[in-house]
Protein chains: 4
Amino acid sequence: MPREVRERQMLDAAVAVFARRGYRAASMDEIAELAGASKPLVYLYLHSKEDLFSACIRREAEALIAAVQASVDPGAPADRRLWNGLRGFFAHTAAHPDGWAVLHCQARTHGEPFALEVAALRQRLVDVVTRLITETAEAGGCPEPLPEVEVAGLAHALVGAAESLAGWSNGRDGAASCERQTAETLMNFAWTGLENLRNGRRWAPARA
Amino acid sequence: MPREVRERQMLDAAVAVFARRGYRAASMDEIAELAGASKPLVYLYLHSKEDLFSACIRREAEALIAAVQASVDPGAPADRRLWNGLRGFFAHTAAHPDGWAVLHCQARTHGEPFALEVAALRQRLVDVVTRLITETAEAGGCPEPLPEVEVAGLAHALVGAAESLAGWSNGRDGAASCERQTAETLMNFAWTGLENLRNGRRWAPARA
Amino acid sequence: MPREVRERQMLDAAVAVFARRGYRAASMDEIAELAGASKPLVYLYLHSKEDLFSACIRREAEALIAAVQASVDPGAPADRRLWNGLRGFFAHTAAHPDGWAVLHCQARTHGEPFALEVAALRQRLVDVVTRLITETAEAGGCPEPLPEVEVAGLAHALVGAAESLAGWSNGRDGAASCERQTAETLMNFAWTGLENLRNGRRWAPARA
Amino acid sequence: MPREVRERQMLDAAVAVFARRGYRAASMDEIAELAGASKPLVYLYLHSKEDLFSACIRREAEALIAAVQASVDPGAPADRRLWNGLRGFFAHTAAHPDGWAVLHCQARTHGEPFALEVAALRQRLVDVVTRLITETAEAGGCPEPLPEVEVAGLAHALVGAAESLAGWSNGRDGAASCERQTAETLMNFAWTGLENLRNGRRWAPARA
DNA sequence: AATGAATGAGATTTCATTCAT
DNA sequence: CATGAATGAAATCTCATTCAT
């Protein structure tokens with residue numbers, strides 16, 4: 001069996017086991033067995049448990065990013081791009097729950113090296129959103145540019161909301177039909193909020 | 001030393017170690033040492049690693065809920081309550097990063113019993129937000145009531161956004177001064193979005 | 001509460017727990033709890049687990065010996081004495097199964113010191129039987145005295161048979177009514193065998 | 001080193017240590033060291049202390065039964081078969097004192113699962129003896145068949161006597177030369193007793 | 001007479017990892 | 001390319017035992 005195929009099987013098995021058990025509780029024995037290979041072969045190809053986990057994170061992160069980018073038409077207007085990006089995000093996480101669990105739940109909680117890797121992924125998502133927000137503001141003729149820190153905060157809020165909805169919507173029935181609705185809910189929530197910001201309408205504590 | 005004091009020290013130590021290392025990687029040795037007690041005493045008082053972790057989750061969850069509730073004036077209007085609740089949430093998570101890490105990052109990823117416990121906490125937060133959204137819609141004279149599933153989705157999105165911002169803002173410098181600003185960013189984002197929804201203004205994919 | 005009473009409660013509890021769990025698996029915690037006293041008090045009175053176990057063995061051994069002796073009339077003929085001794089033995093072991101379990105099952109299997117103590121008890125039983133056999137042989141006009149080693153072997157066989165029957169008969173229903181029958185079975189088996197030996201009738205391998 | 005060899009070494013070591021220390025006091029460390037292997041290997045092959053103990057019991061029980069059966073010629077008359085069976089029993093227990101100690105002293109005192117296993121062995125021995133007694137009675141023209149419960153009692157008594165003698169004779173010097181004599185003593189005691197029973201001669205308490 | 005508080009030592013068990021083949 | 005055999009290190013948890021009061 002060629003190495004590439006074997007390696008993919010191993011990563012598939014590892015993602016499944018890491019998602020189910022967590023990094024520490026996952027055992028190389030179980031991963032090797034699920035991959036249908038012997039443990040020494042796993043070590044020959046992937047060197048160590050740490051390297052294996054890193055490889056999982058990298059592969060799943062690339063796949064997620066690629067899925068989001070593939071569903072966005074770079075020439076479309078900002079709202080369309082946001083809408084399609086969200087749909088791609090929800091579709092991919094719903095189709096690959098183990099990979100999403102590794103990225104979202106496991107990777108951040110098991111030591112710096114992994115957290116950094118997943119933080120880099122997250123930053124790429126945040127960057128995309130940040131660009132959308134900025135463009136939206138500019139395109140809408142925002143009287144004064146939004147402060148940088150606020151834009152970053154908004155981007156984090158939006159990504160967090162998307163992550164939360166992904167988890168919520170995947171945990172319910174009829175996931176397939178839900179994905180579109182989930183995206184719509186978030187879009188309604190976010191887009192109108194962004195529009196208002198763009199127009200300078202704000203909520204202020206003093207108003208209450 | 002009286003038992004209560006010792007027990008609190010143990011929980012403090014456990015929260016710190018669980019936050020830093022994760023559930024599986026945390027060792028009872030390290031927890032006992034940090035608590036300044038011997039391992040058998042930890043077992044005598046808290047029975048097992050699982051029970052200890054459960055106790056941590058419960059204590060931190062109660063503390064967080066209490067902090068949020070304490071910062072909300074039940075007689076105030078909906079927007080004011082949301083604003084104060086968010087501020088309480090961000091302030092408490094910023095002041096107790098270890099507790100927040102245990103709740104947000106660790107508890108959900110290490111087996112059903114813990115996940116259920118933290119899901120219950122999250123549900124309580126979501127419920128509060130759900131009520132706020134409904135009241136806001138009613139108070140604002142919403143032409144037709146928002147569909148239930150959409151309200152739930154919005155609540156999850158809002159809680160997810162808050163969670164995400166808590167993690168982001170705590171990871172930056174000057175956390176104290178940031179807390180207010182973080183709350184303001186999210187409030188601007190969310191409140192105006194909610195207002196628009198209330199008024200029936202929506203984003204629709206067909207529009208693009 | 002006076003010391004003697006407390007000490008008896010402790011020994012009762014210890015015998016019960018040792019019988020149920022074995023020496024090593026029995027925990028001083030369980031014994032103390034069952035005795036209704038605190039652990040330090042147990043240590044104050046009985047010094048250590050080893051001492052406690054020794055005390056149990058000694059008490060139960062004395063009780064068993066006393067019960068057997070009390071049921072034998074020293075003036076009666078040999079067969080009558082054997083008969084009454086067996087009945088006393090079966091009655092006492094049936095009435096005190098925990099004590100018998102400690103003596104028969106536990107004491108011999110947990111290190112030299114205890115084995116010696118219980119071996120001493122057993123030797124006293126064997127001695128009684130040995131005397132009976134010798135007297136029986138003499139009284140019956142045995143042509144030549146039985147070899148010493150054979151008498152010892154017979155005594156051990158008889159005691160072993162009695163022990164085995166005690167375990168068997170106690171494990172069956174209607175123990176009370178059984179006790180007499182058990183004694184009769186063994187008596188029939190043993191006494192007639194002894195009579196034949198006394199008369200020089202033997203089985204020889206060459207005969208077959 | 002092939003697995004089978006290693007496993008046998010482990011069982012040998014385990015039998016020796018269990019016999020010397022008892023189930024609870026035996027440590028897996030000591031067993032592994034005596035077997036010349038590392039502890040993880042013992043666990044890999046034999047799974048747990050409980051399984052290891054079970055495996056010891058089973059192996060030693062099979063060996064004992066096999067030894068007894070191998071020394072009996074099924075075509076020989078009843079007394080000859082009893083004689084040879086006893087010799088086989090005494091010879092095997094003398095040659096394998098550790099195995100006998102595990103079966104006789106340890107297995108019955110450490111929890112139901114083990115006790116059941118050893119009870120099954122004992123029942124097989126009792127069954128053999130029961131058959132012998134019945135056949136003897138029939139062959140000898142016993143006027144009326146012995147009551148079933150009495151036969152069972154006799155069988156238990158005989159097995160108990162044999163067990164007791166095995167322990168006694170092994171604890172003395174010159175075991176090799178003793179084995180035959182031990183068997184002879186028991187045979188003399190038992191066979192003549194059985195003969196008398198067969199002929200209806202009984203001891204009765206009223207006689208005294 | 002009696003106990004709540006505390007621990008050193010050691011038990012079973014698991015796991016990531018490496019050779020020799 | 002592939003693996004059966006093997007282990008050092010460390011995890012959770014228990015227990016007999018002792019003080020200070």
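Just so we're clear, the structure is a prediction, and the values are computed from it rather than from any experiment. These numbers come from the heavy atoms of this one structure, side chains and all, not from hydrogens, waters or symmetry mates. Protein chains get the first letters and strands the later ones, always in sequence-line order, with residue 1 at the start of each.
Taking the ring centre of A/F18 as origin, the terminal cationic atom of A/K49 falls outside the region bounded by 6.0 Å and 45° from the ring axis.
Judged by distance alone, the side chain of B/R108 and the main-chain N or O of B/H104 form a donor-acceptor pair under 3.5 Å. Judged purely by atom type and a 3.5 angstrom limit, B/R8 has no side-chain atom pairing as donor or acceptor with the backbone of B/E4.
The C1' atoms of five pairs define one axis at each end of the helix from E/dA2-F/dT21 to E/dT21-F/dA2, and these two axes lie 20° apart (to 10°).
Residues from residues 23-45 of chain B placing a heavy atom under 4.0 Å of any atom in DNA chain F, listed by number, are B/A26, B/S27, B/M28, B/D29, B/K39, B/P40, B/Y43. For DNA chain F, the neighbouring residues in residues 49-58 of chain B, judged by any heavy atom under 4.0 Å, are B/K49.
If you measure from atom NE2 of B/H47 to atom C1' of F/dT12, you get 16 Å, rounded to the nearest angstrom. Nucleotide F/dT14 holds its P atom 13 Å from the CG atom of B/L46, rounded to whole Å.
Taking 4.5 Å as the limit, some side-chain heavy atom of B/L52 sits within range of a side-chain heavy atom of B/M28. Using a 4.5 Å heavy-atom threshold, the side chains of B/V15 and B/R59 count as touching. Here the side chains of C/E50 and C/F114 are in contact, with some heavy-atom distance below 4.5 Å.
Nucleic acid contact for B/R6: sugar-phosphate only, since backbone atoms but no base atoms lie under 4.0 Å from a heavy atom of the residue.
The 12-atom threshold is not exceeded at CD of D/E33, counting heavy atoms of other residues, nucleotides or ligands nearer than 6.0 Å.
For D/H110 and C/H110, the gap between ring centers is short of 6.0 Å. Aromatic ring centres of C/H96 and C/W100 lie farther apart than the 6.0 Å criterion allows.
Remark on DNA chain E: of its neighbouring residues A/S48 and B/P2, the 5'-side contact belongs to B/P2, judged by nearest-heavy-atom nucleotide.
Residues D/E30 and D/V17 come closest through the heavy atom pair OE1-CG1, 3.9 Å.
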